[in-house]
Amino acid sequence: MKLGERGGKIDGLPKITGSAVFTGDLSLPGMLHAAFHRSPHPHARIVSIDTSKALAVQGVHAVLTGADLPVNYGVIPVAQDEHALATEKVRFVGEEVACVAAVDRATAIAAARLVEVTYELLRPVLSIEDALDPEKPVLHDKRRKASNILRRVHQKYGDPDAGFERADVVIDAAYDYPGSTHVPLEPQTAVAIPDAQGRLELWSSTQIPHYLHRTVARVLELRPQDVRVRKPDVGAGYGGKSDPFANELCAAKLALVTGRPVRCVLDREEVFYAHRGRHRTKMTLSMGVTNDGEITAARFTADAEGGAYASYGVVTAYYFGVFLPLPYKLDHWQFTARRCYTNHPPCGPKRGHGAIQPRFALELHMNKLADAIGMDPAELRRRNSVEPDTETSNGLRITSVALNECLDAAMEASGYREKRGNLGPNRGIGIAASAYMCGALHSIYKNEMPQSAVQICADRSGLVRIFSGTADIGQGSNHMLAHLVSGELGIPAEDCPVLEADTHFTPVDLGSYSSRVTFFAGNAALNAARKLKEAITSSFDGDVRFEDGQVHVGQGDDLKSMPFRDAVIHAEGVHGTLGFVGHYTPPKIGSRFRRQSVGPSPAYSFTAQVAEVTVDPETGFVTIDRIWCAHDCGKAINPTIVEGQIEGSVYMGVGEALLEEHVFTGPKGHGGLHRNPSILEYKIPTIHDTPPIEAILIESNDPEGPHGAKEAGEGPQLATVPAIANAIHDACGIWLDAAPFTPDRVLRALERAERGRR
Amino acid sequence: MSDLVLDLTVNGDRQRVLVRSNTTLLDLLRDQLGLTGTKAGCDIGDCGACTVRVDGEPRLSCITLAAEVDGRAVTTIEGIGGPELHPVQQAFHEHVAAQCGFCTPGFVVNLVALFEEHPDATDEQITEALGANICRCTGYTKILAAAQQARDAQKAPS
């Protein structure tokens, strides 16, 4: 497939015909089914657990408790505070306490209810304020520092005080961004298969087969060689399947204990407890601007409510700062972020991890500053946009940037200039911009190995097989690999089958998170494909060209053309078996800042977004009429798929803007109870709630991306919520500094504005 | 809880099955008949991933008892298209309207049912028909484009 060619995914058809195999579709002879007993309390000490009644149920094969899986783990090595099943304490309503394996799921569920746990109740920590209150109990009381703050990060660049001195206008505001969750349609599912020698095969709906492999080996105390993690088709993740989960570890342990395959699938309510979603974050931002539109300084604080366990929370705290200024130049600024523990389901990485919340604050602030100095908000952004081939004040190396092109394209497509302030009463248009990473320079656990490797093998069949540890979760990474390899060799993508995410047979890739896959695995695949191409080329005398499934050797009268397959046969005769490994290691970019190891990326994507809205002043109901999203994706390898990533990102932003919020009961009565753990109660946009989304691809051709490509799967969500907020302000003059923009919130803001006018 | 013997037609094949009285159509299809193309996303009728046709009508199989389909004809995603792709499937493929693909069977089944009854379905009728199907990946944009293409393809004289 040619670079930039549109079309269906190489592995698209099975998902459309019903033959795709997801983890929950696997059924094995003798397979048992597992179900959890979960904590009804937000915070309690476990006094005793009695599993005898559960074990006595006919059809039950085993019951696990925390004592059976005592090894701690966590995806980030510096914060491994999790256990597959609660050991001494429970820390949120819904935490896994015991796990039953039985002949069928109904039996497992019924038996799990019979597990008897005696608790000593503890006072719960149910908010950021609670977490910061030294009088409240500490969730993880065995940590070295007894505190509910998992991580505090403070960084300062330049001279903020001097920057504020130079400002003509300084605006302070507080922002509140809600917690939300991913709701992948496929619940977390695992199937574990033991063998007679105590080795284990684990199929799972994971985004991170490699980290899962490490964790299973660690927690079950097996050699990594004796664990094989496989990821079949996955019903999406959006970051929600980036941690190792209790259902995976319990299925694995139960399989070893019972000697039988075990399936452990969460029900929908349980998916809300598995969570790992967006941190509710309370922020303050102070920013200064000169009258001619230079942003001079910023001071930012962010306090994030993280739930019961760390997950990626340490990273979240750093990202809050790293992604605050980008996509703008800002020389003098500082931030303080605190990521707290509370007695709620653990938060983690949701699409646009750690960047969504600061973007919300800063992009609203940009419009407020622009209003204060009488400048068009788009123009203020343009004046401050970061430039290509520069280094930011916090040491980020910037390569390709097409932010201004994105701003222009979004404004042009939407008619922003003509519409702004002119749409009539209660209608408005708003703009926002953003930047995001294309993978992390530094891997989660310290090592010098490549972060992604791809192995390819060509032979007389005419196939070029691709082996990769990447995890396609629907975003199209398998297609991306085949598209790049086939493009390099001038053959159909269908002739490049991908075997992915099988830790026994595929080279390591760190997984589908931080928007890293196209940049990292794409480069690795190109690297391998070019080695194969070179081997075929060097097996002939003369010029060799690869196109349309043919290999052309020589020129003019000496031109000899043959099918690709024949060229492979020739080359194999010359060189021997044709197998090559490509890999990608991000460049070693030194930083002036030693503390800056979380956040830097080999490249950044840029986005500008325009939203048009109508606000009903009677009901407070906001209708988004249309969204235009111009995204600098570097280079669109398959534009159809890139558009799909942009549309999906904007959609998820629409949900966070208008509907989505994790809500828990407060301290009175039964605190910490999830109030909306179903798809009906946790409101997510249907087709009726989703506006037309126009994706505009801008190509800046990054010098280090595969053919110039950058990410497209997360960055386009960052600007959606603030663009909508800014449009609402344009429509009716209210600033909504807290999301989601529900009718009650809009009405209250309209009433406040009305009172202010009187 | 009693056991029931049901006679039904699934994707054109007549079947006699033994189920518990509380078995859902979804569990019958997936666990007993091995038709795993129909997906379980919520088990309480909120997401639409389990949509199948019962005597042509779209039904949420997770909240339909197997007993209710005794003597009736059920069509699942596996019964659509083949050997050629159905125009709806073809359009879904070209537009990459399936990202993760978990919701896709429900969308395809619903659209096939819609276009059989309303070959000229308006865009409003399409969105109405898809209003109870959740897709978390696509923002529905490519799904709508695929639906429009499928509708127009079958309208066009061949």
Side-chain angles (χ1 to χ4, degrees), chain A residues 6-9 12-22 24-27 104 182-187 233-238 265 267-268 473-476 479 638 640-641 643-652 654-655 678-681 684-688 690-695, chain B residues 20 22 27 30-31 34-49 76-82 85-86 88-106 108-109 126-144:
Chain A
R6 286 181 173 273
K9 297 192 279 195
L13 289 180
K15 293 178 172 179
I16 293 162
T17 59
S19 62
V21 176
F22 295 80
D25 300 333
L26 294 166
S27 206
D104 57 46
H182 320 76
V183 198
L185 260 271
E186 176 202 30
D233 283 318
V234 170
Y238 325 109
V265 52
D267 70 22
R268 179 52 59 184
I473 53 171
Q475 82 276 42
H479 179 90
N638 180 331
T640 313
I641 296 177
E643 286 165 3
Q645 287 302 302
I646 294 171
E647 290 153 2
S649 296
V650 170
Y651 158 82
M652 209 156 261
V654 166
S678 77
I679 291 179
L680 190 65
E681 295 155 298
I684 61 184
T686 68
I687 197 166
H688 296 298
T690 307
I693 300 163
E694 205 167 298
Chain B
R20 309 291 294 272
N22 68 344
D27 286 346
R30 286 182 56 84
D31 298 343
L35 295 168
T36 54
T38 304
K39 298 302 180 205
C42 69
D43 283 322
I44 52 173
D46 289 344
C47 79
T76 69
I77 184 70
E78 289 92 343
I80 290 171
L85 292 176
H86 186 281
V88 169
Q89 292 170 317
Q90 182 63 38
F92 263 61
H93 182 55
E94 287 171 21
H95 286 272
V96 193
Q99 284 188 25
C100 83
F102 203 81
C103 72
T104 308
V108 170
V109 166
I126 292 173
T127 49
E128 196 54 44
L130 300 181
N133 289 70
I134 299 286
C135 170
R136 199 63 171 151
C137 291
T138 63
Y140 309 100
T141 311
K142 298 282 188 241
I143 290 174
L144 196 53

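Chain letters run A, B, ... following the sequence lines, proteins first, then strands; residues in each count from 1. Side-chain atoms are counted along with the backbone in the values below, which use heavy atoms only and exclude waters and symmetry mates.
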Give, as side chain, backbone, both or neither, the part of [X] having an atom under 4.5 angstrom from any heavy atom of chain B.
X       : result
A20(A)  : backbone
P685(A) : both
T640(A) : both
S19(A)  : neither

Counterpart residues, side chain to side chain contact (heavy atoms under 4.5 Å, CB included), relative to V183(A) (two or more places apart): T181(A), R268(A), F272(A), I679(A), Y682(A), I684(A), R136(B)
Residues passing the side chain to side chain contact (heavy atoms under 4.5 Å, CB included) test with T141(B), sequence neighbours excluded, are E647(A), I693(A)
Output, in order, the C-alpha distance, side-chain angles, deciding distance and verdict of side chain to side chain contact (heavy atoms under 4.5 Å, CB included) for C137(B) and Y651(A). CA-CA 8 Å; C137(B) 291; Y651(A) 158 82; over 6 Å; no
Would you say the side chain of I77(B) lies within less than 4.5 Å of the side chain of T17(A), judging by non-hydrogen atoms? no
Find out whether L130(B) and H688(A) are in side-chain contact, i.e. whether some heavy atom of one side chain is under 4.5 Å from a heavy atom of the other. no
Measure from the side-chain N and O atoms of K15(A) to the backbone N and O of Q99(B), and report whether any donor-acceptor pair falls under 3.5 Å. yes
Return the [atom1] to [atom2] distance between [X] and [Y], rounded to the nearest 0.5 Å.
X      : Y       : atom1 : atom2 : value
H95(B) : I641(A) : NE2   : CD1   : 13.5 Å
I16(A) : Q90(B)  : CD1   : CD    : 8.5 Å
D46(B) : L680(A) : CG    : CG    : 4.5 Å

Identify which part of A49(B) has an atom lying under 4.5 Å from any heavy atom of chain A, answering side chain, backbone, both or neither. side chain
Examine whether an atom of E94(B) lies under 4.5 Å from a heavy atom of chain A, and if so say whether it belongs to the side chain, the backbone or both; otherwise answer neither. backbone
Verdict with reasoning, L13(A) to L85(B), per side chain to side chain contact (heavy atoms under 4.5 Å, CB included): CA-CA 9 Å; L13(A) 289 180; L85(B) 292 176; 3.5 Å; yes
[X] and [Y]: which non-hydrogen atoms are nearest, and at how many Å?
X       : Y       : answer
I687(A) : G131(B) : CG2-CA, 3.9 Å
G101(B) : F22(A)  : C-CZ, 4.0 Å
F102(B) : G235(A) : CB-CA, 3.9 Å

